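Here's the structure we're looking at; comments come further down.
This is a predicted model, so every value here is computed, not measured. Order of the sequence lines sets the chain letters (A, B, ...), proteins ahead of strands, with each chain counted from 1.
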Protein chains: 2
Amino acid sequence: MTSFDVAKRAGVSQSTVARVFARPALVAEATRNRVSRAARELGYVPSAIAGGMRNQRSGLVGVVVPAQGEYWQSVISAFARQVGEGSRQLLVTTFRDVQAVEGAIQSISRYRLDGLVLASSTIGVGQISRLTQPNHAVVAFNQPAAAGIAPLVTVDNQGGAAALARHLIELGVKSAAFVGGVSSASTDQLRYRGAVEQFGAREISLPYIEAGSFTYDAGYKIGANLAEVGRIPDALVVAADEIAFGVIDGLRRHGVSVPGDVRVTGFDGVPQSAWEGYGLTTLVQPIEQMVASVLQLLSLSAVDQIVTIEGELRIANTTRGETSHG
Amino acid sequence: MTSFDVAKRAGVSQSTVARVFARPALVAEATRNRVSRAARELGYVPSAIAGGMRNQRSGLVGVVVPAQGEYWQSVISAFARQVGEGSRQLLVTTFRDVQAVEGAIQSISRYRLDGLVLASSTIGVGQISRLTQPNHAVVAFNQPAAAGIAPLVTVDNQGGAAALARHLIELGVKSAAFVGGVSSASTDQLRYRGAVEQFGAREISLPYIEAGSFTYDAGYKIGANLAEVGRIPDALVVAADEIAFGVIDGLRRHGVSVPGDVRVTGFDGVPQSAWEGYGLTTLVQPIEQMVASVLQLLSLSAVDQIVTIEGELRIANTTRGETSHG
DNA sequence: CAATCTTATGAATACGTAGTCACGATTTCC
DNA sequence: GGAAATCGTGACTACGTATTCATAAGATTG
């Protein structure tokens, strides 16, 4: 089913059929209707493959994201929504291991993407530079380490963590610990730095505890461990909501009350954090806005562009009430 | 950057370059290495666009999914993972309104998909038949109404709901209600039917309450309403986990204990249902297995194929303990 | 050593589109 | 009323690949 078939049925040339779909204003109304009807009857839709070939633009935006995690699923959804609103389509590639990223990007690059979005702070920076070649534009998403190599859109990790820390300090917290996901992740580092600076200014030390991954289970183990050991600080600053849910459940399972015995904060603002079952105080990332920025940046091509977007502190149950000190 | 550029650099013809990537065994090892190196140096990757044109197959699998909901996000992830394992790529399109589906499918069909997966029980059946044309294969996912029109992979909704109902009956439940999402959804209907048959056999009526959407908020309102009105049955069979989380929180907010005052079951088995904060008894859909089935079915082309996959009853906190009657 | 088979490569081609150019038919304008 | 501008359409082409066919060189066989 090609434009030639439609042309034959409508009694026009292929050129005219193509025009009807690409620049309808150039075709006389009568002809246009005739062609449209023929196309409808035959179930014809122009091939984006052939069109992409002709125009040197695929109409595809690719996004490379970690395979797991609430947060990333929200990000995928946001991209799907916003990309779909334009006339473009979204190609989604997920990866489990960082080693798999390279291959994933190669495969996806074959589609000569109009834009490629690299998400996840664990993608190696070295890999990025090689990819700008086959694709039209590359933008890094929440990957601070990519600054300078590719245009970057990121939430203000450090500022957000600082806001959370200040909130805890105002509550009268006298001791705290930071629960990170993976210490090599640049987001993890920035969030820790943001928190540690605030606590440090009040001469409160902030030990770093590494969960090992950004998952509920990893958090659960940390929570359970802390509860068993028994030396629980006034507050836990957790690097991500999903870890925080696990930490909270791990603590509660062992009889530690949140926020009674220990306040907990998250980061990301995934939907579940607003559910009353957890009511997690967190820093909400304005994902829709960040995604919109990414799509804008894809149109430009300033490699050194950095868009930092402020998150919003959302206070909920897990930091309600006074500390035992206050 | 085309195969001609690589050919020139390697001192061979374009044909040879193409062969190195498509059928390497046909090229002498020395030549192959020379070409590979040239390609690497130039950052060349064959264009899937041109290749798709030549081969009449895009290498793309499309999936059309509702824009919101934990469950659908998991489904997208599963598709991304499994499609990526092959040499194909995943095109994701989401929609908010059922009306938008038609347009979404049109746009996506332009890519001459090797396979198109239609997910969501709210996609109109009439729309399906029109789409088999431009795309190579169409499979419906969890959309029982599509049976006979397109190959279908679905969880056993009715059987799963029956299993949940029997579990509740064994606990000694004497009264119950069903909380549905959208009554016109075929999954909703089948789940209700599965539950109502079991309760009916014990002469327990099962009123249907419609939440209006498959969301936490819709569930929350139902839970809060029930608590305020005060006539709470022994058990609530909820059509989806996400609604159930809302129902539970809505009930608890108003002092109703789950599972103390009322047992609650969900459906889907989203990750959060296993988190201890809720510990929701639910019917776990083996999403990975279902997705694998879909990808298999895409290769065949038997329109009347129906694959029904059994879910797994997972019992957790929300149905623990005895009823006040038992 | 001649005849045949195998291996390695190159030339040519089709895939479906959207644009450029060319051309005839109107319409506009002085 | 004739020149010029406008409008509508068709013929032709390039986009980059993977394959088929042809061919040349090398290996194998009796």
Side-chain angles (χ1 to χ4, degrees), chain A residues 1-36 38-39 42-60 87 106-107 109-114 133-136, chain B residues 1-36 38-39 42-60 87 106-107 109-114 133-136:
Chain A
M1 188 52 43
T2 75
S3 50
F4 285 93
D5 300 307
V6 178
K8 189 190 260 182
R9 184 176 184 103
V12 298
S13 72
Q14 180 270 333
S15 310
T16 300
V17 176
R19 264 191 289 261
V20 167
F21 285 92
R23 310 175 63 182
L26 296 185
V27 180
E29 195 183 340
T31 315
R32 201 192 314 143
N33 292 336
R34 202 144 32 88
V35 171
S36 297
L42 294 173
Y44 169 80
V45 200
S47 160
I49 301 292
M53 175 102 135
R54 161 74 222 221
N55 293 331
Q56 306 290 77
R57 351 181 297 104
S58 61
L60 295 172
S87 56
Q106 281 246 341
S107 321
S109 293
R110 297 170 54 116
Y111 285 90
R112 301 291 129 94
L113 307 169
D114 290 356
Q133 283 193 347
N135 301 296
H136 289 249
Chain B
M1 188 50 45
T2 77
S3 49
F4 285 94
D5 300 307
V6 178
K8 190 189 258 179
R9 184 176 186 105
V12 298
S13 72
Q14 179 271 334
S15 312
T16 300
V17 175
R19 262 192 289 263
V20 167
F21 285 91
R23 311 174 62 181
L26 296 185
V27 180
E29 194 181 340
T31 316
R32 201 190 316 143
N33 292 337
R34 201 145 32 89
V35 170
S36 296
L42 294 174
Y44 168 79
V45 199
S47 160
I49 301 292
M53 175 101 135
R54 161 74 221 217
N55 293 331
Q56 306 289 75
R57 351 180 299 103
S58 61
L60 296 172
S87 55
Q106 281 246 339
S107 322
S109 291
R110 297 169 54 115
Y111 286 90
R112 300 295 187 265
L113 307 169
D114 291 355
Q133 282 193 349
N135 301 296
H136 288 250

| query | When you measure from the side chain of A:N55 to the backbone N and O of A:G52, does any donor-acceptor pair fall under 3.5 Å? | reply | no
| Separation of atom CZ in A:R19 from atom P in D:dA11, rounded to whole Å | 11 Å
| query | In terms of side-chain heavy atoms of B:A18, which of C:dA11, D:dA18, D:dG16 is nearest? | reply | D:dA18
| Of all the nucleotides listed (C:dG19, D:dG10, D:dG8), which has the minimum atom distance to the side chain of A:T31? | D:dG8
| request: By nearest nucleotide on DNA chain C, pick out whichever of B:N55 and B:V27 is the more 5' one. | output: B:V27
| task | Answer with base, sugar-phosphate or nothing: what part of the nucleic acid does A:V17 contact at a heavy-atom distance below 4.0 Å? | result | nothing
| message | Using a 3.5 Å distance criterion without hydrogens, assess whether the side chain of B:R9 forms a donor-acceptor pair with backbone atoms of B:A38. | response | no
| note | In whole angstroms, the gap separating P of C:dA18 from CD1 of A:I49 amounts to 12 Å
| field | B:R54 CZ - C:dG16 C1' separation (whole Å) | value | 14 Å
| Given D:dT17, is OP1 or OP2 found less than 4.0 Å from the side-chain N or O atoms of B:Y44? | yes
| Roughly, in whole Å, what's the span from CZ in A:F4 to P in D:dA11? | 10 Å
| task | Taking B:D114 for its side chain and B:G59 for its backbone only, find out whether a donor-acceptor pair lies under 3.5 Å. | result | yes
| message | Can you identify which nucleotide, out of C:dA11, C:dT17, D:dA18, has its nearest atom closest to the B:R112 side chain? | response | C:dT17
| request: Starting at atom CZ of A:R57, determine the distance to atom P of C:dA18, rounded to an integer number of angstrom. | output: 11 Å
| query | Given that B:R32 and A:A50 both sit by DNA chain C, which one's nearest nucleotide is further toward the 5' end? | reply | B:R32
| message | Using modelled atom types and a 3.5 Å cut-off, is there a donor and acceptor pairing between side-chain atoms of B:R32 and backbone atoms of B:V27? | response | yes
| query | A:R112 side chain to A:S58 main-chain N or O, any donor-acceptor pair under 3.5 Å? | reply | no
| query | Can you check the B:R23 CZ to C:dT7 P distance for me, whole Å? | reply | 14 Å
| task | May I ask you to check whether A:Y44 and A:F21 place their ring centres under 6.0 Å from each other? | result | yes
| message | Tell me whether the side-chain N or O atoms of B:Q14 pair up with the base of C:dA11 as donor and acceptor below 3.5 Å, since no angle test is needed here. | response | no
| said: Distance check needed: C:dG19 P versus A:F21 CZ, whole Å only. | reply: 14 Å
| message | Taking only side-chain N and O atoms of B:S3, does any of them lie within less than 4.0 angstrom of OP1 or OP2 on D:dG16? | response | no
| Does A:S15 get its side chain close enough to the base of D:dA11, under 3.5 Å, for a donor-acceptor pair? | yes
| task | State whether B:S13 places a side-chain N or O below 4.0 Å from either non-bridging phosphate oxygen (OP1 or OP2) of C:dA11. | result | no
| note | Rounded to whole Å, CG of B:D5 lies from C1' of D:dC15 at a distance of 13 Å
| B:S47, nearest nucleotide to its side chain (from C:dA18, D:dT17, C:dG16) | D:dT17
| message | Of the listed nucleotides (D:dG16, C:dA8, C:dA11), which one gets closest to any side-chain atom of A:Q56? | response | D:dG16
